[in-house]
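Throughout, protein chains are lettered first and strands after them, A, B, ... in sequence-line order, and every chain is numbered starting at 1.
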Number of protein chains: 2
Amino acid sequence: MLRNIRRLEDHVSRHGVALRPHLKTVKCLDIAQLLLAGGTGPATVSTLAEAEVLAGAGVRDITYAVGITPQKLDRVAAIRATGCDLSVLLDSAEQARAVAAASHRHGQPIPALIELDCDGHRSGLVLDGPDGTANPALLELGRILHEGGAELRGVLTHAGESYSVRGREAHAAFAEQERLAAVTAAERLRAANLPCPVVSIGSSPTAHAARNLEGVTEVRAGVYVFFDLVQAGIGVCGLDDLALSVLTTVIGHQRDKGWVLTDAGWTALSQDRGTAEQELDQGYGLVCNQAGQVLPDLLVIQANQEHGIIARRPGSTAPMPELPLGTTLRILPNHACATATQFDHYDVIPPEAGAPLKTWRRFAGW
Amino acid sequence: MLRNIRRLEDHVSRHGVALRPHLKTVKCLDIAQLLLAGGTGPATVSTLAEAEVLAGAGVRDITYAVGITPQKLDRVAAIRATGCDLSVLLDSAEQARAVAAASHRHGQPIPALIELDCDGHRSGLVLDGPDGTANPALLELGRILHEGGAELRGVLTHAGESYSVRGREAHAAFAEQERLAAVTAAERLRAANLPCPVVSIGSSPTAHAARNLEGVTEVRAGVYVFFDLVQAGIGVCGLDDLALSVLTTVIGHQRDKGWVLTDAGWTALSQDRGTAEQELDQGYGLVCNQAGQVLPDLLVIQANQEHGIIARRPGSTAPMPELPLGTTLRILPNHACATATQFDHYDVIPPEAGAPLKTWRRFAGW
């Protein structure tokens with residue numbers, strides 16, 4: 001985990017831009033201390049509950065990177081009143097008007113970023129209309145915010161589609177797509193005499209692969225702290241980099257089916273099947289011995305509520321290892337965010353050999 | 001919820017057998033009070049953490065219905081020492097020997113049920129070998145327990161495959177399959193002069209459809225308390241019976257794609273896609289207005305971490321309703337167990353009109 005954190009910090013700082021880690025993966029104050037400069041920020045969150053916990057722990061610069069709704073703005077203002085510079089995200093005139101109104105109501109400009117859709121993945125404004133002309137909504141939103149008493153903080157985009165392609169070249173292309181969308185939008189705002197101090201891009205694949213960050217002020221990423229089988233499957237990391245696993249115990253066998261049953265079902269692993277569409281489908285997770293060495297071709301092929309079913313990868317000729325009742329195994333998960341969400345704490349193996357496990361609590365909720 | 005609870009209680013008590021509710025769905029002491037006679041039991045659990053919480057709250061009769069491992073038996077004995085009659089489940093000689101050894105070690109017979117595999121779903125002993133002769137393992141396990149100082153409490157089976165068929169006739173056939181496996185095993189044990197006081201069967205579909213419970217002493221079920229789209233899809237309940245839903249807010253639109261974005265992603269809904277193989281695929285959930293009325297053909301078609309994407313069911317000609325920014329919606333989930341696991345409490349709507357919401361905590365962990 002420490003190596004993963006350092007790797008992205010080094011890469012981003014070489015480009016002279018800021019890293020704004022996304023805490024939605026780790027949701028943990030102990031890890032926030034390791035991620036955030038001096039524990040104060042900058043940070044990204046995906047819920048106001050995360051922002052409240054982090055602000056309460058002294059984080060002073062947070063972007064809430066899920067589209068804002070009018071009814072959440074009083075909570076935003078309350079967090080800001082504690083001295084935390086919390087900014088919100090939006091992609092519609094209704095939202096911009098709501099942020100302007102809340103800024104008036106609370107007597108303080110609430111900072112907002114305009115979300116851009118750089119790859120058709122989910123939310124955000126497209127830069128250009130179907131006829132190739134600039135989407136007028138960008139300047140409209142900018143003006144509603146800037147002239148309406150809110151603070152136009154900048155633009156933000158996320159290439160969620162970068163998860164569906166493999167290899168550094170493909171990720172670098174998505175990184176450039178993020179950069180181009182964000183920088184173009186920033187230039188259009190500035191050309192219209194609107195401020196745009198922040199130009200924010202990022203996803204774990206693009207953050208690691210980006211070669212040119214000209215015009216970008218900050219990069220966001222989250223899952224890189226732990227990595228997972230999905231990230232390994234698209235070549236962002238190796239299996240050795242996976243820092244999160246689920247410890248489980250063999251509770252039985254169905255030997256004529258080649259099944260080993262464990263007590264880690266989907267309540268532990270999550271139901272994430274993010275590798276299902278990848279070249280190498282890893283089922284519900286890859287099986288390791290307790291020390292973390294991968295057992296060849298052994299997958300969790302089914303996950304019931306409290307039962308995992310382990311079997312050989314379809315077509316494998318690898319020998320089935322003896323895994324007697326009570327054997328402890330370690331499962332590498334498809335998606336670290338989803339698996340971590342199933343737990344209220346981490347059992348942390350300290351870097352010092354022989355040191356006892358530490359318990360680090362997670363936060364949760366909305 | 002109260003109607004669902006009463007419905008199964010009435011059905012099972014008409015057959016003169018006991019109901020042993022499975023608390024893995026609700027994981028909540030307030031609901032346990034409603035489910036368990038006088039709050040003392042009988043109950044089923046899927047983790048020792050559940051057993052510890054329930055025993056601590058006064059439940060006196062619990063079956064831990066996931067295969068036991070040797071390293072968990074000291075915890076089992078500790079729970080039993082508090083006055084709770086906790087029984088364990090097993091399907092191998094190694095487990096039976098471990099239970100016998102732990103019974104010696106703790107100076108008290110630990111009660112164990114032998115798990116039977118009645119439908120090839122997961123764990124358990126098959127009744128008969130491939131050549132049609134009785135599986136000798138049943139009597140072997142019975143003898144290890146009974147003669148080794150443990151307590152042979154009985155037999156238990158679960159027709160997990162009943163979830164994959166639709167309609168009362170099909171579920172009744174699985175109920176009879178459960179009954180026949182359990183009663184046959186009980187008769188074989190008794191014919192060998194081994195005790196078998198408990199004959200336990202159940203799953204939500206079979207528990208509701210069972211017509212003949214002769215020889216059965218108890219029925220187990222869990223998800224019937226809330227029901228969900230999977231259960232509705234196989235005809236165990238109607239949509240009106242669904243007692244658990246996720247409240248969410250519209251956070252944006254991608255109008256040219258027909259998308260409505262909400263703040264309920266998979267951290268709220270879970271990633272369960274249990275209706276994917278059913279006649280009517282309900283995506284990640286069916287969309288209702290805040291009052292719980294289903295909006296025709298509107299589904300959560302994608303779930304990201306904190307974003308849900310709502311769109312019309314593929315092929316639908318139903319009009320797309322206006323769902324402005326900030327609209328609150330209610331999502332009916334595929335799988336109540338999975339969705340409930342994503343939350344640490346329930347917001348409970350009391351039966352009395354106009355009464356304020358109650359907060360009921362959930363427990364979790366292993």
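- With a 4.5 angstrom heavy-atom cutoff, B:His335 touches chain A only via side-chain atoms.
- By the neighbour-count criterion of 12 heavy atoms within 6.0 Å, atom CD of A:Gln71 is densely surrounded, having more than that number from other residues, nucleotides or ligands.
- Residues A:Thr69 and B:Thr249 come closest through the heavy atom pair CG2-CG2, 3.7 Å.
- No part of A:Val126 comes within reach of chain B, as not one of its non-hydrogen atoms sits under 4.5 angstrom from that chain.
- At a 4.5 Å heavy-atom cutoff, the contact between B:Ala268 and chain A is made by backbone and side-chain atoms alike.
- Between B:Glu306 and A:Arg122 there is no salt bridge, since none of the side-chain N atoms of the basic residue sits less than 4.0 Å from a carboxylate O of the acidic one.
- Residue B:Leu90: no heavy atom, backbone or side chain, is found under 4.5 Å from chain A.
- Looking at A:Asp117, only its side chain comes within 4.5 Å of chain B, counting heavy atoms on both sides.
- From A:Thr248, atom OG1 reaches atom CH2 of B:Trp366 across 10.0 Å, with rounding to the nearest 0.5 Å.
- For chain B, the nearby parts of A:Ala338 are the backbone and the side chain; heavy atoms of each come within less than 4.5 Å.
- For B:Ser46, the parts lying near chain A are the backbone and the side chain together; criterion is any non-hydrogen pair under 4.5 Å.
- Interface remark: B:Asp272 contributes backbone and side-chain atoms alike to the contact with chain A (heavy atom separation under 4.5 Å).
- Contact between A:Thr341 and B:Trp266 at its shortest, heavy atoms only, is OG1-CZ3, 3.9 Å.
- Within a 6.0 Å radius of CD in A:Glu140, more than 12 heavy atoms belonging to other residues, nucleotides or ligands are found.
- The greatest number of non-hydrogen atom pairs below 4.5 Å with chain B, out of A:Ser123, A:Pro70, A:Gly252, A:Pro324, is found for A:Ser123.
- With rounding to the nearest 0.5 Å, the separation of CD in A:Gln254 from CG in B:Leu125 is 8.5 Å.
- Rounding to the nearest 0.5 Å gives a distance of 10.0 Å between CZ of A:Arg97 and CG of B:Leu325.
- Contact of the B:His253 side chain with the A:Asp91 side chain is not registered, since no non-hydrogen atoms from C-beta on lie closer than 4.5 Å.
- Of the atoms belonging to B:Glu94, heavy atoms from both backbone and side chain fall under 4.5 Å from chain A.
- Interface residue A:Gln95: backbone and side-chain heavy atoms are both found under 4.5 Å from chain B.
- Of the listed residues (A:Ala98, A:Ser270, A:Ser92, A:Gly124), the one with the most heavy-atom contacts under 4.5 Å to chain B is A:Gly124.
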Requested in this report: Report the C-alpha separation of B:Val66 and A:Ile251 in whole Å, then their side-chain angles, then the decisive distance to 0.1 Å, and conclude whether the side chain to side chain contact (heavy atoms under 4.5 Å, CB included) test is met.
Outcome: CA-CA 8 Å; B:Val66 170; A:Ile251 63 167; 3.6 Å; yes
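- Within the 4.5 angstrom heavy-atom criterion, atoms from both the backbone and the side chain of B:Thr267 approach chain A.
- A donor-acceptor distance shorter than 3.5 angstrom exists from the side chain of A:Gln305 to the backbone of B:Lys24, with no hydrogens or angles considered.
- With a 4.5 Å cut-off on non-hydrogen atoms, B:Gln342 touches chain A through its backbone and its side chain both.
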